[in-house]
There are 2 protein chains.
Amino acid sequence: MTDAEYVNIWMRPERPARGPKPAYSRAQITEAAIRIADAEGLEVATMRRIAAEIGAGAMSLYRYVPSRDNLVELMADRLMGEIDVTGMPSGDWRADLTRYADGLRAMWLRHPWIATVQRSLPSFGPNQLLLIERLMGVLDAHVAIDENLGLMALLAGYVEGTVREEISSAKEIRRSGLSESEWMARSHSYVERLVKSGEYPIFTKIVMEARQPHLSRDDQFRYGLQRVLDCIAAALPSTA
Amino acid sequence: MTDAEYVNIWMRPERPARGPKPAYSRAQITEAAIRIADAEGLEVATMRRIAAEIGAGAMSLYRYVPSRDNLVELMADRLMGEIDVTGMPSGDWRADLTRYADGLRAMWLRHPWIATVQRSLPSFGPNQLLLIERLMGVLDAHVAIDENLGLMALLAGYVEGTVREEISSAKEIRRSGLSESEWMARSHSYVERLVKSGEYPIFTKIVMEARQPHLSRDDQFRYGLQRVLDCIAAALPSTA
DNA sequence: CATTACCGCGTACAACGTACCCAGTGGAGG
DNA sequence: CCTCCACTGGGTACGTTGTACGCGGTAATG
């Protein structure tokens, strides 16, 4: 009853009116959890481990956070705050969106575990709200709000899609201990078998291309991003 | 030692040479797991629950699958097989990619839990391989392989991005028991508070738009998809 | 000063993935 | 044919997880 009215995390007040001073804080807990998740993965960031990180007892965390899932929401929103969108409807929409895309990608690469937490739409944390306001403001003067939403979904989809691949291949490469160009060619006997079978010509082409990439990951990303921005430009009225 | 050589699931043989006939099969287990995940979510599909579904003991599953993570890989690949890409380099690339995008979206909506499993790149299951061959074949004659990869990442990124939002909002709506148009406006007191604060004009616009959507989810998807295909068309040489 | 609402946290429990072990089974080699 | 042993299904058990509950202590309110 008393808890049910807080339909989400952001409505639940952090500091109560009375009682002893809390020894910790949501921010501190969130920070510790992110630190662990960055270093060892999200599944390592258990309640006990997080508590140990800040020198607290495991159950103390529940004074600050209703559940681990909610803590992950807090963590995800904290990450949104890392994307710099200050002064963002700057007038140059292409520069703004490029900066956003770069920031989003860099943030994902800093915190790869974010790929494993499914975004729950209704969780509008303060950082996510600020991001929405600034980012959607970039095209707000040029297109209708629903088209704006679609275009931003396209942009974020591109970034997240490419970064997801970067993350998973990086994870695999770290696991195997080989360099990226060597990995596909030598280490993975399964891939080798597929290539040698001759049944997958296009897959083989991909493998060969990965063997001698003539574009760095960054360049690949930037190149694709230009394509996406071109696409957005085409959807804009001619005034821009 | 004996297990370490099977670097991934697909190399591990399903049927051994000797011994009694197995009572179940990988396909049967995978199917049961998918059935449970569809109905009650991936986290409900525990080893014990899956075993119960097919009338087996919990530990029997480990005769067929090395770990639950590997079983999830099997499930994910089975899902790839649901996307119909038969006869796919048909000559009309726009039709092919539309069919693929529709199929991918429909599959995700049938199995929303797929959003929670991070794709691990090196897991090239048979269905995924077939999908790659057919899909990448569509543009293979027109663009270089690395550009092809980028364009397909763009397309898949768009589909997955929009579908992720559909899934999470559908989940929230089912949880609240309200209609979609009512949900944002009435039920969510947090959203109401944000709107009334007046500090988030663009967020408010989004909420108002969602209150009276003039485009269905399907139409929104199709509209955005046309934008993406236009973008792909722009990246193609003029011969197409 | 008494009350009350909070604090940190130890204990406990259910559910999870899965290591280990067992008796039984059926194809291969004699 | 029999013997062997690689395999089968599955019961038991262990370590780890999220977290419900309740304790004794503390600080703001009346």
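Quick caveat: nothing in here was measured; it's all calculated off a predicted structure. So that the names make sense, note that chain A is the first sequence line, chain B the second, and so on, each numbered from 1.
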What is the distance, to the nearest angstrom, from the [atom1] atom on [X] to the [atom2] atom on [N]?
X: B:Ile54; N: D:dT8; atom1: CD1; atom2: C1'; value: 14 Å
X: A:Leu42; N: D:dG18; atom1: CG; atom2: C1'; value: 14 Å
X: B:Asn70; N: C:dG17; atom1: CG; atom2: C1'; value: 13 Å
X: B:Leu61; N: D:dT8; atom1: CG; atom2: P; value: 13 Å
X: B:Glu43; N: C:dG17; atom1: CD; atom2: C1'; value: 15 Å
X: A:Tyr64; N: C:dC6; atom1: OH; atom2: C1'; value: 11 Å
X: B:Ile50; N: C:dT18; atom1: CD1; atom2: P; value: 11 Å
X: A:Arg26; N: C:dG8; atom1: CZ; atom2: P; value: 13 Å

TODO: Describe, in one word, how the ring planes of A:Tyr158 and A:Phe221 are oriented to each other, choosing from parallel (under 30°), tilted (30 to 60°) and perpendicular (over 60°).
DONE: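 A:Tyr158 vs A:Phe221 ring planes: parallel.
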Among [options], the one nearest [X] by side-chain distance:
X: A:Ser60; options: D:dG9, D:dG10, C:dC9; answer: C:dC9
X: A:Lys21; options: D:dA28, D:dG18, D:dG10; answer: D:dA28
X: B:Pro22; options: D:dG18, C:dT18, D:dT8; answer: D:dT8
X: B:Arg48; options: D:dG18, C:dC7, C:dC16; answer: C:dC16
X: B:Ser67; options: C:dC7, C:dT18, C:dG17; answer: C:dT18

Open item on the list: Would you compute the distance between atom CG of A:Leu79 and atom NE2 of A:His111 and round it to the nearest 0.5 angstrom?
Closed with: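 A:Leu79 atom CG to A:His111 atom NE2 measures 4.0 Å (nearest 0.5 Å).
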Task: From B:Met75 atom CE to B:Ile29 atom CD1, the distance as rounded to the nearest 0.5 Å - done: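 Output value for this atom pair is 11.5 Å.
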Task: Residue whose nearest DNA chain C nucleotide is more 5′ - B:Ala45 or A:Ala58 - done: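 Here A:Ala58 is the residue nearer the 5' end.
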Open item on the list: Does C:dC9 have OP1 or OP2 under 4.0 Å away from a side-chain N or O of A:Tyr24?
Closed with: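 True: A:Tyr24 side-chain N/O within range (under 4.0 Å) of C:dC9 OP1/OP2.
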- [ ] Sugar-phosphate atoms are those with a prime plus P, OP1 and OP2; base atoms are the rest. Using that split, label each nucleotide of nucleotides 19-24 of chain C B, S or - for protein heavy atoms under 4.0 Å, 5' to 3'.
- [x] BB---B
Task: Check against ring-ring contact (aromatic ring centres under 6.0 Å, His included), A:Phe203 and B:Phe124 - done: CA-CA 10 Å; A:Phe203 175 78; B:Phe124 295 112; 4.9 Å; yes
Open item on the list: With no hydrogens and no angle check, just 3.5 Å: does a side-chain donor-acceptor pair link B:Asp84 and B:Thr86?
Closed with: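 B:Asp84 vs B:Thr86: donor-acceptor pair found between side chains.
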- [ ] May I ask you to decide whether A:Arg49 forms a salt bridge with A:Glu40, counting only side-chain N to carboxylate O separations under 4.0 Å?
- [x]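 Salt bridge between A:Arg49 and A:Glu40, a charged N being under 4.0 Å from a carboxylate O: yes.
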TODO: Please work out if B:Ala51 contacts a base, only the sugar-phosphate, or nothing of the nucleic acid, heavy-atom cut-off 4.0 Å.
DONE: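 Nothing, no nucleic acid heavy atom in range.
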Task: Nearest heavy atoms of B:Trp10 and A:Arg193, plus distance in Å - done: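 Heavy-atom minimum between the residues: O-NH2, 4.0 Å.
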